[in-house]
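Input: a single structure, listed below in structure tokens.
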Amino acid sequence: MIKKCLFPAAGYGTRFLPATKSMPKEMMPVVNKPLIEYGVDEAIEAGLTGMCVVTGRGKNTLIDHFDKNYELEHQINGTNKEELLGDIRRIMDSAHFTYIRQREMRGLGHAILTGKELIGDAPFAVVLADDLCVNEEGDGVLAQMVALYKQFRCSIVAVQEVPKEDIHKYGVISGEMIKDDIFRVDDMVEKPEPGTEPSNLAIIGRYILTPDIFDIIENTKPGKGGEIQITDALLQQAKSGCVLAYKFKGRRFDCGSVEGYIEATNYCYQNLYKKDEQKMELDKHATAKTS
Ligand code: G1P
């Protein structure tokens, strides 16, 4: 079964310079949590316990975030500030983290291949942390994809419909719909030139991959932008076997762009943070009453 999730997190985050000059983009806060923590939450919700992070130079704060901070914990021990660490403590209790450094940036396919030693020979999930996904109506996007994997046992990419003017920013698929919202991929193009896109279905940063993808990536030549693209490797896999595209339920924010990041911040503040705050208040009152 799927137990591990790979987080390619070695990129520079140039769209957020100068904020990302010395801070990893995955550590940009959306309200009070760094972006990557939303992805880790989603993976835990999907039943995954092994978080495998592909990092790069200058990403040490990301590693520290998922570790104990004895000095801070000693300082706030027994104060009402302690509850603010509740979520991250729960994460550290339910998942373990392993890291590997990508020495050169040679594309998403190369980043995924770098994670091979951490993943081993089993199907795994991939989360691109700058795509923040939420689904308040039910299961998170990864949980939906894991359920689908159990049924189909092949690689799956999450897709969403994107307006024509934006489609060139994504990997784009085409395929036959085999069931509601599920397509069998027959073509896939990384960032197509305007007018050549095979459909309006864009790949977003959630994947389930079967481990044969590593050999395929090793034999994938550099594609768009001179980089080794996971999209090209997946097309190979689709041709020789099966790759599904899944139009997921929920919303996705492109936190790699300033607009998407602001939108996510507003959404998370209104819909997640405020509700959590209200719940914490109610819990406090309930405990005060019973004690
Ligand atoms: C990557 C993938 C692309 C995908 C996108 C989703 O591109 O290469 O296929 O559509 O993530 O966010 P990037 O945004 O890293 O350029």
Side-chain angles (χ1 to χ4, degrees), residues 5-17 20 24-26 28 30 35-36 38-39 42 54-56 102 104-115 125-134 141-142 145 155-175 183 185 187-194 196-209 213 216-217 220-238 243-248 250-261 263-264:
C5 186
L6 189 72
F7 294 83
Y12 295 123
T14 45
R15 281 188 285 180
F16 270 96
L17 282 170
T20 46
K25 67 170 174 173
E26 297 77 14
M28 301 261 297
V30 173
L35 254 180
I36 190 159
Y38 289 88
E42 192 187 321
V54 178
T55 66
Q102 188 184 6
E104 308 164 84
M105 309 301 144
R106 290 172 52 203
L108 181 56
H110 178 252
I112 292 173
L113 184 60
T114 305
V126 177
V127 166
L128 306 185
D130 50 15
D131 278 337
L132 194 157
C133 294
V134 289
V141 178
L142 265 194
M145 293 172 77
S155 291
I156 308 167
V157 296
V159 291
Q160 77 174 164
E161 287 177 21
V162 157
K164 211 173 168 48
E165 62 274 20
D166 289 330
I167 198 84
H168 67 279
K169 299 177 189 162
Y170 296 89
V172 184
I173 70 111
S174 70
F183 302 81
V185 171
D187 197 12
M188 236 178 190
V189 188
E190 180 65 15
K191 305 197 175 78
E193 296 302 321
T196 68
E197 54 276 348
S199 77
N200 65 343
L201 290 173
I203 302 170
I204 63 114
R206 298 292 181 275
Y207 305 75
I208 301 276
L209 302 175
I213 198 73
I216 302 177
I217 301 174
T220 299
K221 298 213 165 53
K224 192 85 189 182
E227 297 188 327
I228 298 176
Q229 301 293 350
I230 188 64
T231 308
D232 296 341
L234 279 163
L235 178 60
Q236 276 315 308
Q237 206 179 30
V243 172
L244 298 180
Y246 170 56
K247 218 160 91 181
F248 61 93
R251 286 187 69 167
R252 166 258 180 185
F253 299 93
D254 173 16
C255 292
S257 76
V258 174
E259 301 72 30
Y261 176 75
E263 236 181 280

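Bear in mind that the values here come from a model prediction, so they are computed numbers and not experimental data. Start at 1 and go down the list; that is how both ligands and their atoms are numbered.
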Option of least heavy-atom distance to atom 16 (O) of ligand 1 (set: Lys169, Met188, Arg15, Lys191): Lys191

Sub-4.0 Å atoms of ligand 1 with respect to non-hydrogen atoms of Gly171: 3 (C), 4 (C), 9 (O), 10 (O)

Just to be sure I'm reading this right: ignoring hydrogens, which of Asp130, Asp131, Ile230 gets closest to atom 12 (O) of ligand 1? Compare them by their nearest heavy atoms. Asp131

With a 4.0 Å cut-off, would you call Glu263 and Arg251 a salt bridge? yes

Counting heavy atoms only, which part of Leu128 comes closer than 4.0 Å to ligand 1: side chain, backbone, both or neither? side chain

Minimal non-hydrogen separation, Leu108 against Pro8, with atom names: CD1-CG, 3.8 Å

Any chance OH of Tyr12 has more than 12 other-residue heavy atoms, nucleotides or ligands included, within less than 6.0 Å? no

Presence of salt bridge, Arg15 and Glu259, under 4.0 angstrom: no

Does Leu108 reach ligand 1 with a nitrogen or oxygen that is under 3.5 Å from one of the ligand's nitrogen or oxygen atoms? no

Which residue holds the protein heavy atom closest to atom 2 (C) of ligand 1, what is that atom called, and what is the gap in Å? Glu190 OE2, 3.7 Å

Please tell me if atom 14 (O) of ligand 1 is touched by the protein, where touching means a protein heavy-atom distance below 4.0 Å. no

Give me the nearest non-hydrogen protein atom to atom 4 (C) of ligand 1 as residue plus atom name, then the distance to 0.1 Å. Ile203 O, 3.4 Å

Do Leu6 and Leu209 pass the side-chain contact (heavy atoms from CB on, under 4.5 Å) test, and can you show the C-alpha distance, the side-chain angles, and the key distance before you say yes or no? CA-CA 10 Å; Leu6 189 72; Leu209 302 175; over 6 Å; no

Let me know which of Ile230, Ile208, Leu234 forms a side chain to side chain contact (heavy atoms under 4.5 Å, CB included) with Val157. Leu234

Please check this pair: side chain of Tyr38 against backbone of Val30, looking for a donor-acceptor N/O pair closer than 3.5 Å. yes

Under a 4.0 angstrom heavy-atom cut-off, which atoms of ligand 1 come close to Thr231? 9 (O)

